[in-house]
Amino acid sequence: QVQLVESGGGLVQAGGSLRLSCTASGRTFSSYVMGWFRQAPGKEREFVAAISWSGGMTYYAHSVKGRLTISSDNAKNTVYLQMDSLKPEDTAVYHCAESPTRVIADWGRAAAYRYWGQGTQVTVSS
């Protein structure tokens, strides 16, 4: 079973930056893509970005493109989310998740992911 642990969240002022990390243990051969989702209070879980373990193919939500960058370090089984030019509306709990799907069109769907981390809180003050 894959276990995912996020870190790097915190409190930052608008315009600032944070880098989130997600380390996977127990990763299997079928694990293909890692995604970041976020959930703000009273709102549904929202897709942010995804990256394939092989080849580094990436996919972003339109709302974060250009400000957030996903990357991976296969040797460390770790995925990163570099968050720049943060806005108060980026405030949420950020979760990483693992999926075996190779269909890029599914990477934005929470239902395509089978393992989830507990999340890390990101708070952006205005």
Review point. Do you know which two heavy atoms are closest between Leu81 and Trp36, and how far apart they sit?
Key: CB-NE1, 3.6 Å

Point to revise | From CD (Gln82) to CG (Leu20), nearest 0.5 Å | key: 9.0 Å

**Study point:** Pair Thr78, Thr23: side-chain N/O donor-acceptor within cut-off below 3.5 Å
**Key:** yes

Exercise for review: Measure the shortest side-chain to side-chain distance between Tyr80 and Ile70 over non-hydrogen atoms and say whether it is less than 4.5 angstrom.
Suggested key: no

Review point. Under 3.5 Å, is there a donor-acceptor pair between the side chain of Ser52 and the main chain of Tyr32?
Key: no

Point to revise | Qualifying side chain to side chain donor-acceptor pair (under 3.5 Å) pairs with a residue from residues 57-70, counting only residues at least two apart or across chains | key: Arg67-Asp90

Point to revise | Pairwise side-chain contact, Val79 with Ile51, heavy-atom cut-off 4.5 Å (strictly under) | key: yes

Check your understanding: Are Arg102 and Trp107 in a cation-pi setup, meaning NZ or CZ lies under 6.0 angstrom from the ring centre and within 45 degrees of the ring axis?
Key -> no

Check your understanding: Within the distance-only criterion (no hydrogens, no angle test), does the side chain of His95 pair as donor or acceptor with the backbone N or O of Gly117 below 3.5 angstrom?
Key -> yes

Check your understanding: Nearest heavy-atom pair of Ala112 and Thr101: which atoms, and what distance?
Key -> CB-CG2, 4.2 Å

Just list the side-chain donor-acceptor pairs under 3.5 Å for residues 9-19, sequence neighbours left out, or say none.
{"unit_1": "Ser17", "atom_1": "OG", "unit_2": "Asp84", "atom_2": "OD1", "d": "2.8"}

Check your understanding: Which heavy atom in Trp53 sits nearest to a heavy atom in Val33, and how many Å separate them?
Key -> CD1-N, 4.2 Å

Point to revise | CZ on Arg45 to CZ on Arg38, rounded to 0.5 Å | key: 13.5 Å

Review point. Would Gln39 and Tyr94 count as a side chain to side chain contact (heavy atoms under 4.5 Å, CB included) if you check the C-alpha gap in whole Å, the side-chain angles of each, and the deciding distance to 0.1 Å?
Key: CA-CA 7 Å; Gln39 188 165 18; Tyr94 284 72; over 6 Å; no

Exercise for review: Please report the closest heavy-atom contact between Met34 and Tyr113, naming both atoms and the distance.
Suggested key: C-CE2, 4.3 Å

**Study point:** ring-ring contact (aromatic ring centres under 6.0 Å, His included) partners of Tyr115, counting only residues at least two apart
**Key:** none

Study note, to complete from the structure: Distance col, row Ser72:OG vs Asn74:CG, nearest 0.5 angstrom, shows 4.5 Å

Check your understanding: Do Phe47 and Trp116 sit in the same hydrophobic cluster, where Ile, Leu, Val, Met, Phe, Trp and Tyr count as joined when their side-chain heavy atoms come under 4.5 Å apart?
Key -> yes

**Study point:** Distance, nearest 0.5 Å, that separates CD of Glu44 from CZ of Phe37
**Key:** 12.5 Å

Exercise for review: Kindly give the heavy-atom pair with the smallest separation between Arg114 and Pro100, and that separation in Å.
Suggested key: NE-CD, 3.7 Å

Check your understanding: So, Glu6 side chain and Gly119 main chain: donor-acceptor pair closer than 3.5 Å or not?
Key -> yes

Practice item. Mind listing the closest non-hydrogen atom pair of Cys22 and Leu4 along with its distance? Key: SG-CB, 4.1 Å

Exercise for review: Give a yes or no on this: more than 12 heavy atoms of other residues, nucleotides or ligands lie within 6.0 Å of atom CD of Gln121.
Suggested key: yes

Revision key, fill the gap. dist Leu68:CG -> Ser85:OG (nearest 0.5 Å) comes out at 9.5 Å

Check your understanding: Does CD belonging to Gln3 count more than 12 external heavy atoms closer than 6.0 Å?
Key -> no

